A.B. asks: 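Structure provided below as structure tokens; questions to follow.
Sequence lines set the chain letters: A, B, ... in the order given, protein chains first and strands last, and positions in each chain run from 1. Both backbone and side-chain heavy atoms feed into the values below; hydrogens, waters and symmetry mates do not. Owing to the predicted nature of the structure, the values given are computational and were not obtained by experimental measurement.
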Protein chains: 2
Amino acid sequence: MGVQFHNGNVKPSLHAFMGTTLPGSRPGLGMEAPLGIFGDRAGDDTAVLDAMGEARLFDRDQSLFAEGDAANAVYRVMDGLVRLYKLLPDGRRQIIGFLRGGDMMGLAAGERFAYTAEAVVPSTVRRIPRARVTALMDERPALARTLLAAMTAELMAAQEQMLLLGRKTAREKLATFLLANDERAQDASGRIDLPMSRTDIADYLGLTTETVSREFTKLKTARVIRLMEGGKVELVDRDTLSELAECA
Amino acid sequence: MGVQFHNGNVKPSLHAFMGTTLPGSRPGLGMEAPLGIFGDRAGDDTAVLDAMGEARLFDRDQSLFAEGDAANAVYRVMDGLVRLYKLLPDGRRQIIGFLRGGDMMGLAAGERFAYTAEAVVPSTVRRIPRARVTALMDERPALARTLLAAMTAELMAAQEQMLLLGRKTAREKLATFLLANDERAQDASGRIDLPMSRTDIADYLGLTTETVSREFTKLKTARVIRLMEGGKVELVDRDTLSELAECA
DNA sequence: CGATACCTTGACAGGAGTCAACTGGCGTGG
DNA sequence: CCACGCCAGTTGACTCCTGTCAAGGTATCG
């Protein structure tokens, strides 16, 4: 008995993670800012931010900050991969985003962080004190617009993720995840680099490790993807994957 | 056999919906802006916004705009209740937020809206062209900060909702929902006004109508809540409800 | 090369979904 | 005014997708 697939429409997939990629910075790495209310005049204000703060290397599983810590700074991932997550009292974990090079975090926080940030692999992260950011906004009002555009993108991604978590099946979730990463994490040979564990993926998609593993296997058996060494994935049949993702 | 409850910690619940309540405006109705990076100098810039645009009455189930429409304006709910939702091609629906008086929407949009907005009950909504907002931001740079604070609150609520959708059980979801509304939708007698249907609640919590109804019944049988006429709910035992919500 | 962590696979269980019937309120129209 | 139809809500019976528990495989690393 082969894997049975639903029918569905082929549509562009969601493309953004929770991380705020500043438009105009790191061309080719960051996602494009939506051409909305704030994005129309986004300059390269981020070049200023990049020169600020100190870059630091975080080891695998080392935390940048924890839920409840005072939110005194914003962070910018230069290289590597960072996970953001929230916990329930009994230990259930929901990953709310993965951040890659060029992404920012910590902008959307109150006095204290509402989530924990950890390096998935050794990662270089720049820490920028909040006072610096506010001061810079005073100097350059355009920066506020840039940040608004970045937060817009982040919020839209969050809404897309709510649709996924609330209404998609396990298979649709994984297919959506793979296609989202197809746009963000392709290496030179067109393969997707997924350095995070099955548990991480499960906690991001609202599933268990076992279910993620089973769905990976089914996609592999159906020749839709190929699992390569080093956690890389090759998308063999993107059309089928798009159908499976049920993207709006 | 009575309803069996889990044990858990009593913690403050999530309190915000997807709507962006502008801090400083409509005291007592809007939620407080987090005292974060942008909120520290949020003035009453929103008074200016309130004077702009035209207020209009929308009937029950009438849409303000649909997913895919050009995002030419932002909207502010003056009175009533509005639902925001996304659809999958096959009709599955995820409500990403309910907006009450004082809430804004449409700030976080690209060229086109990524969700549909509909009045749940007859609602008065102010429509403010985007050009007005951008112009006003040029005049008053502080407005950008206010908007950033508002979007921060919205994003934090979205992340809390991701935790709910991805990791909470049906009972925990409903308990969380009731407590969230306890802070937002209390009437004079301390009861919660829930004008939306069971289907709306289900689509907001990632459940089905039947499951929502069953959990309501269980809470009622356990004397934790009382279902009143007119869609009102009285929270009899908030402590138990907090335990059930498993809020972090 | 052994220890450990991660992944995969199998067997089984259970929570939520599906399908269906029944109830009650409400508006409409005979 | 009351009957009817309609819709939302509730409840029951049953299904099934995903979770749980457990075992075995494989890669990594000291």
A.B. asks: Distance-only, no hydrogens or angles: does the Q161(A) side chain make a donor-acceptor pair with backbone N or O of Y204(A) under 3.5 Å?
C.D. replies: yes
A.B. asks: On the six-membered ring of F98(A), is R83(A) placed so that its NZ or CZ lies under 6.0 angstrom from the centre and within 45° of the ring axis?
C.D. replies: no
A.B. asks: Has R238(B) got a side-chain atom pairing as donor or acceptor with D182(B)'s backbone, closer than 3.5 angstrom?
C.D. replies: no
A.B. asks: Hey, mind stepping through V233(B) and R226(B) against side-chain contact (heavy atoms from CB on, under 4.5 Å) and telling me if it holds?
C.D. replies: CA-CA 6 Å; V233(B) 180; R226(B) 287 174 63 190; over 6 Å; no
A.B. asks: Roughly how many Å is it from CD in E172(B) to P in dG15(C), rounded to a whole number?
C.D. replies: 12 Å
A.B. asks: To the nearest Å, give me how far apart CD1 (I225(B)) and P (dT10(D)) are.
C.D. replies: 9 Å
A.B. asks: Could you check which of dT10(D), dC7(C), dT9(C) has an atom nearest any side-chain atom of T217(A)?
C.D. replies: dT9(C)
A.B. asks: Within this structure, what is the CD-to-C1' distance between E229(B) and dA8(D), rounded to whole angstrom?
C.D. replies: 16 Å
A.B. asks: For L219(A) and dT9(C), what is the distance between atoms CG and P respectively, to the nearest whole Å?
C.D. replies: 13 Å
A.B. asks: Starting from P on dG15(C), measure out to CG on L205(B) and report it in whole angstrom.
C.D. replies: 19 Å
A.B. asks: Which part of the nucleic acid does S213(A) contact within heavy-atom distance under 4.0 Å: base, sugar-phosphate only, or nothing?
C.D. replies: base
A.B. asks: Please step through salt bridge (charged side-chain N to carboxylate O under 4.0 Å, His left out) for the pair E67(A) and R112(A), ending with a clear verdict.
C.D. replies: CA-CA 7 Å; E67(A) 195 171 342; R112(A) 299 184 172 280; over 6 Å; no
A.B. asks: In whole angstrom, what separates K220(B)'s NZ from dT10(D)'s P?
C.D. replies: 7 Å
A.B. asks: With a 3.5 Å distance limit and no angle check, can you tell me whether D103(A) reaches the backbone of R100(A) through a side-chain donor-acceptor pair?
C.D. replies: yes
A.B. asks: Between dA16(C) atom P and L164(B) atom CG, what is the distance in whole Å?
C.D. replies: 12 Å
A.B. asks: Would R93(B) and D200(B) count as a salt bridge (charged side-chain N to carboxylate O under 4.0 Å, His left out) here? Give the steps.
C.D. replies: CA-CA 9 Å; R93(B) 185 178 72 154; D200(B) 282 335; 2.7 Å; yes
A.B. asks: Identify the pairs formed between an N or O of the protein and an N or O of nucleotides 21-26 of chain C at a distance under 3.5 Å, and give each distance.
C.D. replies:
none

A.B. asks: Under 4.0 Å between any heavy atoms, over every strand shown, what does L227(A) touch: base, sugar-phosphate, or nothing? Just pick one.
C.D. replies: sugar-phosphate
A.B. asks: Quick one: what's the B/S/- string for nucleotides 12-23 of chain D, heavy-atom cutoff under 4.0 Å, read 5' to 3'?
C.D. replies: BB----SSBB--
A.B. asks: Return the value, rounded to whole Å, for the distance between atom CZ of R198(A) and atom C1' of dC7(C).
C.D. replies: 7 Å
A.B. asks: Tell me whether the rings of F113(A) and Y75(A) are parallel (<30°), tilted (30 to 60°) or perpendicular (>60°).
C.D. replies: tilted
A.B. asks: Checking D237(A) side chain against T240(A) main chain: does a donor-acceptor pair fall under 3.5 Å?
C.D. replies: yes
